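Below: one structure, written as C-alpha coordinates.
Note that the structure is a prediction, hence the values are computed from the model and not measured.
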Amino acid sequence: MAITQQDVAHIAQLAHIALTPEQTAQAEQDFTQILELIHELQDVDTAGIEPLVQPLAVIQDLHLRLRADEPAPTNTTAERDALMSNAPALSDGLFLVPTVIE
(Lines give C-alpha, C1' and ligand atoms only; values in the text may rest on other atoms or scores of the structure.)
Protein backbone atom coordinates (compact mmCIF):
# COMPACT_ATOMS: atom_id res chain seq x y z
CA MET A 1 0.00 0.00 0.00
CA ALA A 2 1.49 3.28 -1.09
CA ILE A 3 0.86 6.55 0.67
CA THR A 4 -0.20 9.47 -1.51
CA GLN A 5 0.41 13.17 -1.00
CA GLN A 6 -3.29 13.50 -0.16
CA ASP A 7 -2.82 10.94 2.64
CA VAL A 8 0.14 12.90 3.98
CA ALA A 9 -1.84 16.14 3.80
CA HIS A 10 -4.71 14.51 5.70
CA ILE A 11 -2.36 13.17 8.38
CA ALA A 12 -0.72 16.60 8.69
CA GLN A 13 -4.14 18.19 9.06
CA LEU A 14 -5.10 15.72 11.80
CA ALA A 15 -1.80 16.42 13.58
CA HIS A 16 -2.27 20.19 13.15
CA ILE A 17 1.09 20.64 11.47
CA ALA A 18 2.04 22.50 8.34
CA LEU A 19 4.36 20.76 5.89
CA THR A 20 6.35 22.26 3.09
CA PRO A 21 6.25 20.46 -0.29
CA GLU A 22 9.70 18.98 0.48
CA GLN A 23 8.55 17.76 3.89
CA THR A 24 5.41 16.30 2.32
CA ALA A 25 7.49 14.35 -0.21
CA GLN A 26 9.83 13.10 2.54
CA ALA A 27 6.90 12.11 4.77
CA GLU A 28 5.32 10.25 1.84
CA GLN A 29 8.51 8.23 1.38
CA ASP A 30 8.88 7.61 5.12
CA PHE A 31 5.28 6.44 5.55
CA THR A 32 5.61 4.14 2.54
CA GLN A 33 8.79 2.59 3.98
CA ILE A 34 7.12 2.12 7.36
CA LEU A 35 4.16 0.35 5.80
CA GLU A 36 6.48 -1.86 3.75
CA LEU A 37 8.31 -2.83 6.94
CA ILE A 38 5.02 -3.63 8.66
CA HIS A 39 4.03 -5.87 5.74
CA GLU A 40 7.38 -7.66 5.98
CA LEU A 41 6.90 -8.20 9.71
CA GLN A 42 3.38 -9.53 9.18
CA ASP A 43 4.75 -12.19 6.81
CA VAL A 44 7.08 -13.62 9.47
CA ASP A 45 5.83 -16.91 10.94
CA THR A 46 5.74 -16.47 14.72
CA ALA A 47 3.85 -19.66 15.54
CA GLY A 48 5.36 -21.34 18.57
CA ILE A 49 7.45 -18.31 19.55
CA GLU A 50 7.02 -17.33 23.19
CA PRO A 51 6.64 -13.57 23.77
CA LEU A 52 9.50 -11.87 25.61
CA VAL A 53 9.05 -9.68 28.63
CA GLN A 54 12.35 -7.96 27.80
CA PRO A 55 13.86 -8.32 24.29
CA LEU A 56 17.40 -8.01 25.67
CA ALA A 57 16.89 -11.25 27.60
CA VAL A 58 17.67 -13.11 24.35
CA ILE A 59 21.12 -11.52 24.15
CA GLN A 60 22.18 -11.57 27.79
CA ASP A 61 21.15 -12.99 31.14
CA LEU A 62 19.00 -10.15 32.34
CA HIS A 63 17.41 -9.92 35.74
CA LEU A 64 14.58 -7.44 35.99
CA ARG A 65 14.91 -5.03 38.85
CA LEU A 66 11.42 -4.97 40.27
CA ARG A 67 10.43 -3.31 43.50
CA ALA A 68 9.03 -5.40 46.29
CA ASP A 69 5.29 -5.91 46.03
CA GLU A 70 4.42 -4.52 49.43
CA PRO A 71 1.51 -2.26 50.38
CA ALA A 72 2.32 1.35 51.13
CA PRO A 73 1.94 2.41 54.75
CA THR A 74 -1.46 3.82 55.58
CA ASN A 75 -1.51 7.55 56.20
CA THR A 76 -3.22 8.96 59.24
CA THR A 77 -5.98 11.54 58.97
CA ALA A 78 -3.54 14.24 60.12
CA GLU A 79 -1.04 13.29 57.40
CA ARG A 80 -3.81 13.29 54.77
CA ASP A 81 -5.00 16.72 55.92
CA ALA A 82 -1.44 18.05 55.68
CA LEU A 83 -1.07 16.67 52.16
CA MET A 84 -4.45 18.07 51.09
CA SER A 85 -3.79 21.54 52.51
CA ASN A 86 -2.76 22.89 49.09
CA ALA A 87 -5.78 21.48 47.24
CA PRO A 88 -7.87 24.24 45.66
CA ALA A 89 -11.09 22.31 46.42
CA LEU A 90 -11.75 19.14 48.38
CA SER A 91 -14.57 17.20 49.95
CA ASP A 92 -14.33 14.28 52.39
CA GLY A 93 -10.61 13.89 51.73
CA LEU A 94 -11.01 13.85 47.94
CA PHE A 95 -9.86 16.37 45.34
CA LEU A 96 -12.68 18.19 43.59
CA VAL A 97 -12.09 18.99 39.94
CA PRO A 98 -14.24 20.88 37.44
CA THR A 99 -16.40 18.86 35.09
CA VAL A 100 -14.83 18.64 31.64
CA ILE A 101 -17.35 16.32 29.96
CA GLU A 102 -21.00 17.22 29.84
Side-chain angles (χ1 to χ4, degrees):
M1 174 183 182
I3 297 291
T4 65
Q5 287 188 353
Q6 291 78 19
D7 295 330
V8 173
H10 182 69
I11 293 168
Q13 178 189 14
L14 292 173
H16 298 288
I17 57 175
L19 297 177
T20 65
E22 295 82 19
Q23 291 172 326
T24 301
Q26 183 63 46
E28 182 181 353
Q29 290 175 0
D30 292 344
F31 286 143
T32 301
Q33 289 176 349
I34 290 169
L35 289 177
E36 288 173 1
L37 178 61
I38 290 171
H39 286 296
E40 284 181 38
L41 291 173
Q42 287 176 337
D43 292 338
V44 175
D45 181 22
T46 58
I49 305 291
E50 185 178 335
L52 298 173
V53 173
Q54 174 56 263
L56 293 177
V58 173
I59 301 170
Q60 60 190 6
D61 187 22
L62 184 69
H63 299 285
L64 298 178
R65 291 172 275 162
L66 302 175
R67 66 175 173 82
D69 190 16
E70 299 172 355
T74 306
N75 291 334
T76 64
T77 305
E79 290 172 323
R80 183 186 69 197
D81 291 341
L83 293 170
M84 300 289 285
S85 65
N86 291 329
L90 59 108
S91 173
D92 298 324
L94 302 174
F95 287 99
L96 298 178
V97 296
T99 303
V100 293
I101 300 175
E102 296 178 10

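Separation of atoms OG1 (Thr24) and CD (Gln29) is listed at 11.5 Å; rounding is to 0.5 Å. In this structure, CD1 on Ile3 lies 11.0 Å from NE2 on His10, to the nearest 0.5 angstrom. Residue Ile11 holds its CD1 atom at 9.0 Å from CD1 of Ile17, rounded to the nearest 0.5 Å.
No donor-acceptor pair closer than 3.5 Å links the side chain of Thr46 to the backbone N or O of Ile49.
Looking at residues two or more places apart in sequence or on another chain, you find a side chain to side chain donor-acceptor pair (under 3.5 Å) between Thr4 and Gln6, Asp7.
Across every non-hydrogen atom of Leu19 and Ala12, the tightest pair is CD1-CB, 3.8 Å.
In the hydrophobic clustering of this structure, Leu94 does not group with Leu96; members are Ile, Leu, Val, Met, Phe, Trp, Tyr whose side-chain heavy atoms approach within less than 4.5 Å, directly or through other members. Follow the hydrophobic side-chain contacts under 4.5 Å out from Ile38 and you never reach Leu41; the two are in separate clusters.
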